[in-house]
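To keep things clear, I will list the structure first and then write my remarks on it.
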Amino acid sequence: MTATGEAHAPGARGPEGTIPLAVPNIGELERRYVLEAVESGFVSSVGPFVTEFEQRFAERVGSKHAIACATGTAAIHVGLLLLGVGREDDVVCSDFTFVGSVNPIAYCGARPVLVDAETTTWNIDPALLAAELDRRAAAGEGQPAVVEVVHVLGQPADMEPLMDACERHGIPVLEDAAESLGATWTAGRYAGRHTGTVGRVGAFSFNGNKIATTGGGGMLVTDDDDLAARARHLTTQAKVPDVGYLHDEVGYNYRLTNLAAGLGLAQLERLGEFVKAKHRIAARYDEAFADLPLVLPPRVEGLDATYWLYSVLVPEADGRGRDDFLAHLHAAGVGARALWRPLHAQPPFLSAPVLGGSVGDGLFARGLSLPCATELTDSDQDRVIAAVRSFFA
């Protein structure tokens, strides 16, 4: 397993028949599009698949512009630059998230301010954020340059109070929707909106373990024409039209390749199929575990999650906790994985200001994800269910 948590090759088993946590679902359409890209000669960062992938992605999520990037982390980095983040600026970030959410803040020379999760969605706590922004205003302190909201594990955040707090203090919002492709709000102010489209800028990931993949890659979305134009400029080394090479500022080699875009376009065409599979897998797990002393993933009215990684919290019972549960599952050939260590406990960010922290600590101490690849068969899921239930027998 890689550092990003990607499991094995498409359809592959782990060691000795282990059911993998999450693998890409690659079929004939993907093979056809990638072969077409190869045969076209457009294999680098320009080509018709890049343009079509961007257009179709923007339509799918309901955004005016989409700019394909080399990684989801690159999309976040460019998004922060678009919103004016510079050295010594404060940027609020969810504390309970993968490190790829916060590293781009450091790339900008800015300081992350980490806000704990709340128990309802496991996302950034709106009350903690609002209290901090109001406190800074009352004390005459500077506000964060940006608030980065992460939609973890395919679960939309509770955006209304978060946006209210940020709008009250004039702070732009960047949505890290890396894990939430296909997730929407179904009630309230943002009913019908896709994650990543509420803030000024949104960022998505197509890593190999995501619900749709380009092998690696990401997408930046925005409704702002000027921000979109600048994003395209920055991601292509800030090159301007001229005889020879002319670059008017420091840019980045952050564009997605045409080969990867071909794969991504095929995956996008199958996104409905993938989301349906995630919902089916989550529903079967919910039913199977309803009588067990597990905390199941959030199910919040008005928030249509995709359950990218189906994750549960394990109680401390008879002196046995998450690590015992993981060892039990691994021995049974189940490729479960612990949830992330909160960012405030990561060595590069030990000195970052933290608001709260106990909820994220608890999610890490008790949380793990179960196999939920979109091609997970009922028989393999039954094996997982049996292994889980036997731990509590």
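Contact check on R200 versus D224 returns a salt bridge, with a Lys/Arg side-chain nitrogen under 4.0 Å from an Asp/Glu carboxylate oxygen. Note on K276 versus E273: no salt bridge recorded, every NZ/NE/NH1/NH2 to OD/OE distance being 4.0 Å or above. The pair K64-E54 does not meet the salt-bridge criterion, since no charged nitrogen lies less than 4.0 angstrom from a carboxylate oxygen. In summary, R135 and E132 engage in a salt bridge, as defined by a charged side-chain N under 4.0 Å from a carboxylate O.
Aromatic ring centres of Y285 and F289: separated by under 6.0 Å.
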Report task. Kindly indicate, with the supporting measurements, whether the criterion side chain to side chain donor-acceptor pair (under 3.5 Å) is fulfilled by N25 and T374. Result -> CA-CA 7 Å; N25 186 333; T374 55; 3.1 Å; yes
Requested in this report: Take F392 and F325, measure what ring pair (Phe, Tyr, Trp, His ring centres under 6.0 Å) needs, and give me the verdict at the end.
Outcome: CA-CA 9 Å; F392 296 99; F325 193 26; 5.7 Å; yes
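Contact record, L256 with G217: CD1-CA, 3.8 Å, taken as the closest heavy-atom pair.
The cationic atom of R322 (NZ for Lys, CZ for Arg) lies less than 6.0 Å from the six-membered ring centre of F364 and within 45° of the ring axis.
Applying the salt bridge (charged side-chain N to carboxylate O under 4.0 Å, His left out) test to residues at least two apart or on different chains, none of the pairs has a partner in residues 67-85.
The aromatic rings of F204 and F57 stand perpendicular to each other, their planes meeting at an angle above 60°, with 30° marking the opposite boundary.
Between D176 and S101, the side chains place a donor N or O and an acceptor N or O closer than 3.5 Å (distance only, hydrogens not considered).
A search for side-chain hydrogen bond (donor to acceptor under 3.5 Å, both in side chains) contacts involving D286 returns R299, Y310, not counting sequence neighbours.
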